[in-house]
Student: 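Sharing a structure, written as structure tokens. Questions coming.
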Amino acid sequence: MTSDPLADFDAEIVRFLASTGVPAEIVQLSTPPEPEFGERATNVAFRLAKERRKAPKQIAEEIAAGFDAEGYRFIERAEPAGAGFVNFYLKYTAFIPHAVEAVESAGTAFGRRDDVAVRDVVVEHTSVNPNKEWHIGHARNAVLGDVVARVLRQAGHRVEIQNYVDDTGPQAATSIVGFEDFREPERPGEKFDHWVGRSYVKVSEELRAEPALRKRLEEIEAAPSQVGAGPVDERQSVWARLENVERLKARVVATMRALESGEYGPLVQRILKAQLQTAYRLGVFYDLLTWESNLIESHLFQGAMDRVRQSPKVKQPSEGRYAGALVIETGQPVEGEETKAEVLIRSNGLPTYIGKDIAYHMWKFHLVPNQLCSMPFITQPNGAVLRSTSLHGQEREERVPSQNINIIAVDQSAAQDAVREGLRAAGFGAAADELFHLAYGLVMTSEGKLTGRRGAIAADDVIDEAVRVAYERVKEKRSQDLSDDDMRRIAEAVAVGAVRYFMVQYNPLRDIVFDVSDVVSYDGNTALYVQYALVRMFAILRRAAADAGVTDSEIDDADLSLLSHNQERRLIFQLSLLPGVVADTSRTLGVNLVAEYAFNLATVFSQFYRDCTVLSADADLRAARLRLVRSVRDVLAVACDLLGVPVIERL
RNA sequence: GCCCCCGUAGCUCAGGGGAUAGAGCAUCGGUCUUCUAAACCGAGGGUCGCAGGUUCGAAUCCUGCCGGGGGUACCA
């Protein structure tokens, strides 16, 4: 059984073109803009025009004239069109059973081609500082990464999803200082990450005020005459605040050191576990948590830095702006200027994120001796165990990933480049080439950047709002036989679908404008539209069994040759596009293709639903249509699963 | 200043050499005693930021300009 029915059609087209003397290398196939142009088109006539010294149109005519349907299973006819296209038309009588049987035999694995070259891929996503609740940008990261991983797995690759926990960085330390020294009162029912986050915000705002305070102090000291006009003690209060800032900075540094040795572990884990609740609610799960503190404690970081030091680009200057720090030069040397560099180890001896990330990637690619083990951390709501790096425990499998995909926001592109530079400096150029950064765009509001520390919208709040609106609409729509529990479950599924769909429907590389009202609109091109189409399919199949008494074996044995309606053909063609979408997406990581695919399939189904009644058709046709609907349901469910959009059976 | 990304319908966005540039929302007008209308059908709405260039063919590639965002920290 074939795994990609449409590829069989394409292969016949290539074979036919070869028989007319067109080399396979130059054949490009596309889907024509209008249905009347057939299912596939090729532009080979344009490409051959110069070489053959003929008009494209004439070449296209000659190619099409040479077509004889004899000997081809899926090509009905070939026609010249436009200025030089050759259009190919599917022979649906043969293709419909071919496609339906492919879907039926593949089941949930539909989309995987059997000629796939299986890769081991590490996908790193989320990697949120354990200091504060997720904002909406983190949700974009997690959902994008999750969908990328799902698509790669569907394509047949082996994927390990890692979530890196920067538990020794300034953000985590600031949060702990805030929680220890300036704890905010807990609000009833508040998630722990939100609670701690409020202390973090307070402290980090004070730390960020430093430049402004210093400037103010300068102003006061430059114009002492004006001091008398204002509050007499302003100079003193600015001084006091600056002293406080210095104290805080010292506390943060001390806390970073404490974090490196694993102190505060329980507190950091508590923050992380609260954050993970948001992931789980969105249906995002992980395979491995990599703890930064483990990289330090295991001396893996030290080993990586020793390796990097061998590069002439890595230096420890004794003077200049980088005095005392370990840096890697990333810019070109400019006469009279200090060469641009990234700091790997600060002059106070503490590693930077970039330094630690270089070490992490050496470990990811198995380039340095492994000194980390793993142990179970938590069982996730999907039943899968989330493992955690550790100093003792189970040894790592010696399966070297051929590729690393990092889902990290575009504003960290320079840092990711530096990591790649670091790998090259250590002599690991091949690994650097296989480190792919999916630089997804920022989430903005109409007022501007939102993924910053201020004005951030909490992901939990957005989900809650989406659930609230969904619940209201479920309730007003139907009293039906749905219990309140059912309605709440549906509302949650609708809301999660809405949030996830919002995150994947756009090209990942683009900045997007976030508006809660778009997420909860539930009209048009949304997850609910897709879920609703599925609800209709489930209803048809349910009623066929319950009201009409149609059995599964009747559907299994249905005569597919009865399917000849244009809408039925369009559905079949749409179904058969999925393997191509999976393959393209796993190559380009443009996950919006999957959302677009799901929407298109749902749209074609809606049109079929309008024009072709299933239940009131004659028994034989009814059985054939039920078999078609069942396949559409299964394929659309696969697409939903790739998107992580929950499938619901009734609304 | 330098580096990267982006300017497509009123709004939010697809399309990244190929046929008449698409979708959703919004606006206006039609379809429910339904296979559950959170749906379907139709209408209006575009010098694809501007100017050159490459090509049989440019929204798409190249150059310049204009506008927006990000980076350019011993933050991540």
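Just so you know, these numbers use all the heavy atoms, side chains as well, and skip hydrogens, waters and symmetry mates. These figures come from a predicted structure and were not determined experimentally. Every chain is numbered from 1, with letters handed out A, B, ... down the list of sequences.
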Student: Under 4.0 angstrom, heavy atoms only, what part of the nucleic acid is Ala83(A) near: base, sugar-phosphate, or nothing?
Tutor: nothing
Student: Starting the side chain at C-beta, find the nucleotide from A19(B), C74(B), C35(B) nearest to Ser347(A).
Tutor: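 For the Ser347(A) side chain, the nearest candidate turns out to be C74(B).
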Student: Is there a side-chain contact between Arg510(A) and the phosphate of U12(B), meaning an N or O under 4.0 Å from OP1 or OP2?
Tutor: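 Checking U12(B) against Arg510(A), no side-chain N or O comes under 4.0 Å of OP1 or OP2.
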Student: Can you give the dot-bracket line for RNA chain B, using ( ) for pairs inside the strand, [ ] for pairs that cross earlier ones, | for pairs with another strand and . for unpaired bases, where Watson-Crick and G-U count if both distances are under 3.5 Å?
Tutor: ((((((((.[[[[.)..(...]]]].(((((.......))))).....[[[[[..)....]]]]])))))))....
Student: Going by centres under 5.5 angstrom and planes under 30 degrees, do the aromatic ring of Phe46(A) and the base ring of G57(B) stack?
Tutor: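 Stack criterion not met.
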Student: For a quick check of understanding: with a heavy-atom distance under 4.0 Å over all strands, which category does Asn600(A) fall into, base, sugar-phosphate or nothing?
Tutor: nothing
Student: For Phe85(A), answer base if it contacts any base atom (sugar-phosphate contacts may also be present), sugar-phosphate if it contacts only those atoms, and nothing otherwise; contact means non-hydrogen atoms under 4.0 Å.
Tutor: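 Here Phe85(A) touches the bases of the nucleic acid.
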Student: Does Gln607(A) make a side-chain N or O approach to OP1 or OP2 of C41(B) shorter than 4.0 Å?
Tutor: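 So the side-chain polar atoms of Gln607(A) do come within 4.0 Å of the phosphate oxygens OP1 or OP2 of C41(B), strictly under.
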Student: Please determine if a side-chain N or O atom of Arg543(A) lies less than 4.0 Å away from the OP1 or OP2 oxygen of U36(B).
Tutor: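 Answer yes for this pair, as a side-chain N or O of Arg543(A) is under 4.0 Å from OP1 or OP2.
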Student: Have a look at Pro56(A) and say if it touches a base, only the backbone sugar-phosphate, or nothing, with a 4.0 Å heavy-atom cut-off.
Tutor: nothing
Student: Hey, does Asn507(A) reach any base, or is it just sugar-phosphate, or nothing, if we go heavy atoms under 4.0 Å?
Tutor: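 Result for Asn507(A) = sugar-phosphate.
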Student: Report yes if a side-chain nitrogen or oxygen of Lys340(A) is closer than 4.0 Å to either non-bridging phosphate oxygen (OP1 or OP2) of U72(B); otherwise report no.
Tutor: no
Student: Look at all strands and tell whether Glu596(A) reaches a base, only sugar-phosphate, or nothing, counting heavy atoms closer than 4.0 Å.
Tutor: sugar-phosphate
Student: Would you mind classifying the nucleic acid contact of Ala81(A) as base, sugar-phosphate or nothing, using non-hydrogen atoms under 4.0 angstrom?
Tutor: base
Student: Under 3.5 Å, side chain of His361(A) to main-chain N/O of Val419(A), donor-acceptor pair present?
Tutor: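 Between the backbone of Val419(A) and the side chain of His361(A) there is no qualifying donor-acceptor contact (under 3.5 Å).
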Student: Classify Ser606(A) by what it touches in the nucleic acid, base, sugar-phosphate, or nothing, heavy-atom distance under 4.0 Å.
Tutor: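 The answer is sugar-phosphate, as Ser606(A) gets under 4.0 Å only of primed atoms, P, OP1 or OP2.
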Student: Ile512(A) near the nucleic acid: base, sugar-phosphate alone, or nothing, with a heavy-atom cut-off under 4.0 Å?
Tutor: sugar-phosphate
Student: Stacking between A19(B) and Phe37(A), yes or no? Criterion: centroid separation under 5.5 angstrom, plane angle under 30 degrees.
Tutor: yes
Student: Would one find a side-chain N or O of Arg47(A) under 4.0 angstrom from OP1 or OP2 of G18(B)?
Tutor: no
Student: Would a distance-only check, ignoring hydrogens and angles, find a side-chain to backbone donor-acceptor pair under 3.5 Å from Arg627(A) to Ala558(A)?
Tutor: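 It does hold such a pair.
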Student: Looking only at side-chain N and O atoms, does Arg610(A) come under 4.0 Å of OP1 or OP2 in C41(B)?
Tutor: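 So the side chain of Arg610(A) is within the cut-off, an N or O lying under 4.0 Å from OP1 or OP2 of C41(B).
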Student: Students often get this wrong, so: under 4.0 angstrom with heavy atoms, is Tyr322(A) touching a base, only sugar-phosphate, or nothing?
Tutor: base
Student: What nucleic acid atoms does Ala49(A) come within less than 4.0 Å of, heavy atoms only: base, sugar-phosphate, or nothing?
Tutor: nothing
Student: If you measure from the ring centre of Tyr609(A) to the centre of the six-membered ring in the base of C35(B), is it under 5.5 Å, with the planes under 30° apart?
Tutor: yes
Student: Which nucleotide in the set C74(B), U36(B), U12(B) lies at the smallest distance from any side-chain heavy atom of Val513(A)?
Tutor: U12(B)
Student: May I ask you to verify if any side-chain N or O of Tyr200(A) is less than 4.0 angstrom from the OP1 or OP2 atom of C75(B)?
Tutor: no
Student: Between Phe514(A) and Phe502(A), does the ring centre distance come in under 6.0 Å?
Tutor: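 Under 6.0 Å, so yes.
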Student: When you measure from the side-chain N and O atoms of Arg53(A) to the phosphate of C56(B), is any distance below 4.0 Å, counting only OP1 and OP2?
Tutor: no
Student: For Ala41(A), answer base if it contacts any base atom (sugar-phosphate contacts may also be present), sugar-phosphate if it contacts only those atoms, and nothing otherwise; contact means non-hydrogen atoms under 4.0 Å.
Tutor: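 Touches a base.
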Student: Do the side-chain N or O atoms of Asn129(A) get closer than 4.0 angstrom to the phosphate oxygens (OP1, OP2) of C75(B)?
Tutor: no
Student: Over all strands shown, is Asp417(A) touching base, sugar-phosphate only, or nothing at heavy-atom distances under 4.0 angstrom?
Tutor: nothing
Student: For Asp511(A), report the nucleic acid contact type (base, sugar-phosphate, nothing); a contact means any heavy atom under 4.0 Å.
Tutor: sugar-phosphate
Student: Answer yes or no: does atom NZ of Lys202(A) have more than 12 heavy-atom neighbours from other residues, nucleotides or ligands under 6.0 Å?
Tutor: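 Yes, enclosed.
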Student: Within the supplied structure, the quantity of interest is the number of heavy atoms (other residues, nucleotides, ligands) at a distance under 6.0 Å from Glu319(A) CD; does it exceed 12?
Tutor: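 Open.
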Student: Around Asp547(A), counting heavy atoms of other residues, nucleotides and ligands shown, do more than 12 lie under 6.0 Å from its CG?
Tutor: yes
Student: Examine C75(B): is either OP1 or OP2 under 4.0 Å from a nitrogen or oxygen in the side chain of Tyr353(A)? Give yes or no.
Tutor: no
Student: Does Asn348(A) use its side chain to pair, donor to acceptor, with the backbone of Leu350(A) at less than 3.5 Å?
Tutor: yes
Student: If the threshold is 4.0 Å, N to carboxylate O, is there a salt bridge linking Glu421(A) and Lys340(A)?
Tutor: no
